[in-house]
Structure formats: structure tokens, C-alpha cells
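Everything below concerns the one structure shown next.
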Amino acid sequence: MGIVVINHVSLDGVMQSPGRADEDIRDGFALGGWADLGDAGPDGALGAAMGQAMGPSFSWLFGRRTYEDVVGHWNAVGGPFKDGFNTVEKLVVSRDPTAQLPWPKSRLISGDVPAQLRRLKEVEPGNLVVMGSGVLVRSLLPLGLIDTIVLIQHPVILGSGRQLIGPGQQTAFDLRDVVRTSAGLVVSTYDRS
């Protein structure tokens with residue numbers, strides 16, 4: 001099992017609020033919805049690259065804020081994403097050991113998160129897939145807990161917003177694969193060196 005991070009990023013590394021205008025307005029961010037998923041193109045390359053990175057068996061690993069926003073949004077909207085999120089196990093990292101997890105198959109991870117994730121990597125089948133969850137990603141990266149990073153790069157420069165990787169973080173990764181979609185997205189897969 002490995003921890004796989006999959007995130008949409010702009011050319012300047014911004015990951016904040018890719019899907020919706022109201023997704024993440026922290027720090028006054030007003031450019032939400034910049035990663036129009038219609039930009040993925042009709043060739044299916046984005047879905048295939050994501051599926052390959054996730055593996056045949058996976059659980060979601062979310063920070064609490066991303067869990068509440070993403071799973072909450074799709075449970076309210078409905079459709080196939082709702083079913084997809086509710087049928088897969090979701091591990092949710094929170095500093096609050098009493099955090100409420102209202103959606104099916106959700107399990108709280110609190111306390112010594114790195115130790116718990118190391119243990120899970122040894123005993124759980126499949127990958128732990130992180131989507132969004134920038135605070136979680138930035139906390140795990142210097143600990144060597146992230147095995148693979150998949151960046152879905154959109155041809156846009158935003159000039160502001162929260163970035164996936166924080167200042168001063170240094171970790172070596174090796175490029176495993178690059179896929180270009182017919183719509184001009186670049187999906188780069190990196191494995192920890």
C-alpha cells in the first residue's frame with residue numbers, strides 16, 4: 001500500500017478551489033472553478049491516468065476540511081460521484097478527536113497521525129488516495145509518507161491562491177509517466193526517490 005496524492009494544479013502550483021467558485025474562499029480567493037473538468041477532453045486520458053495511479057483497490061485519505069467539502073458537496077448534489085464516494089472507505093485526518101463523520105464508511109484518524117498512517121501502509125490492502133487536502137499533504141511530505149504524486153496541470157496561471165507544496169519543502173521524486181490529454185492538460189506521475 002502507498003499514499004498517492006492526486007491534485008489539479010495551475011501552472012504556478014495553485015491547488016485552491018479547482019472545482020467550484022465557492023469551494024475554498026479562504027484568504028479571499030475569488031478564482032475558484034478554474035479547473036473546469038470539461039477541459040479533460042473526450043479521449044479519456046485523464047480518467048485512465050487517475051485510475052492507474054489509484055490502483056484497483058483504494059481508500060480515500062482526506063483532511064477534515066476536504067472531507068466535509070467534497071463529500072458533503074457530492075452528497076448534496078447526488079449522481080455517480082455521490083455513490084463513488086459513499087461506497088469507498090474514507091479515512092479522515094483531524095486534530096479534533098471528536099470530529100463528526102456523517103457519511104458512510106468514514107473512519108477518523110487523530111492523535112499520532114504519522115504513526116497510524118505508517119501502520120495502515122503496512123496492513124491495509126490497496127492505496128490511500130489523497131485528493132485536495134493541502135494541509136495534510138504538506139504535513140506528510142517531509143515525513144516521507146507520500147509515495148506517489150499525480151499532478152493534473154491546467155494551462156492557466158492564477159497568480160494567487162494556496163499552493164500544493166509549501167515553501168521550504170524539499171523531497172526528491174522521480175518522473176514515472178506523463179500523459180497529455182486532447183484538451184491540453186498534462187498529467188504527470190512522480191514516485192518518491
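Counting non-hydrogen atoms of neighbouring residues, nucleotides and ligands closer than 6.0 angstrom, the CZ atom of Arg95 reaches no more than 12 such neighbours. Around atom CD1 of Ile25, no more than 12 heavy atoms belonging to other residues, nucleotides or ligands sit under 6.0 Å away. Applying the 6.0 Å contact sphere to CD of Gln52 captures no more than 12 heavy atoms from other residues, nucleotides or ligands.
Residues Gly159 and Asp12 come closest through the heavy atom pair N-OD2, 2.7 Å. Closest of all the heavy-atom pairs between Ala53 and Ile6 is CB-CD1, 4.2 Å. The two residues Pro114 and Leu143 come nearest to each other via the heavy atoms CG-CD1, 3.5 Å. Nearest heavy atom pair, residue Ser160 against residue Val14, reads O-CG2, 3.3 Å. Looking at every heavy atom in both residues, Gly132 comes nearest to Asn7 through N-OD1, 2.6 Å. Annotation for Ser133 and Gly63: closest pair OG-N, 2.9 Å, computed over non-hydrogen atoms.
Inter-residue side-chain proximity for Phe85 and Tyr67 is flagged as unmet; no heavy-atom pair is nearer than 4.5 Å. Counting heavy atoms from C-beta on, the side chains of Val77 and Lys82 never come closer than 4.5 Å. In this structure, the side chains of Val92 and Ile109 stay at 4.5 Å or more apart for every pair of heavy atoms. Glu68 has its side chain out of reach of Val71: every pair of non-hydrogen atoms, C-beta onward, lies at least 4.5 Å apart. A heavy-atom distance below 4.5 Å is found between the side chains of Asn86 and Trp103. At least one side-chain heavy atom of Val137 sits under 4.5 Å from a side-chain heavy atom of Ile146. Inter-residue side-chain proximity for Val150 and Val187 is flagged as met; some heavy-atom pair is nearer than 4.5 Å. In this structure, the side chains of Thr171 and Pro142 stay at 4.5 Å or more apart for every pair of heavy atoms.
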Pair Asp96-Arg64, salt bridge (charged side-chain N to carboxylate O under 4.0 Å, His left out): steps then yes or no: CA-CA 9 Å; Asp96 178 2; Arg64 182 207 41 83; over 6 Å; no
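Considering CG of Leu128 and OG of Ser59, their distance stands at 6.0 Å, rounded to 0.5 Å. How far CH2 of Trp34 is from CZ of Arg20: 13.5 Å, rounded to the nearest 0.5 Å.
The salt bridge (Lys or Arg N to Asp or Glu O under 4.0 Å) test with Asp147 singles out one residue from Arg118, Arg176, Arg192, and that residue is Arg192. Partner of Leu185 under the side chain to side chain contact (heavy atoms under 4.5 Å, CB included) criterion, out of His8, His154, Gln153: His154 alone. Leu136 pairs in a side chain to side chain contact (heavy atoms under 4.5 Å, CB included) with only one of the listed residues (Leu61, Thr66, Val5), which is Leu61.
Note on ring orientation: taking the six-membered ring where Trp is involved, the planes of Trp60 and Phe58 are perpendicular (angle over 60°, cut-offs 30° and 60°).
Salt-bridge formation is detected for the pair Arg65/Asp24: a Lys NZ or Arg NE/NH1/NH2 atom is positioned less than 4.0 Å from an Asp or Glu carboxylate oxygen.
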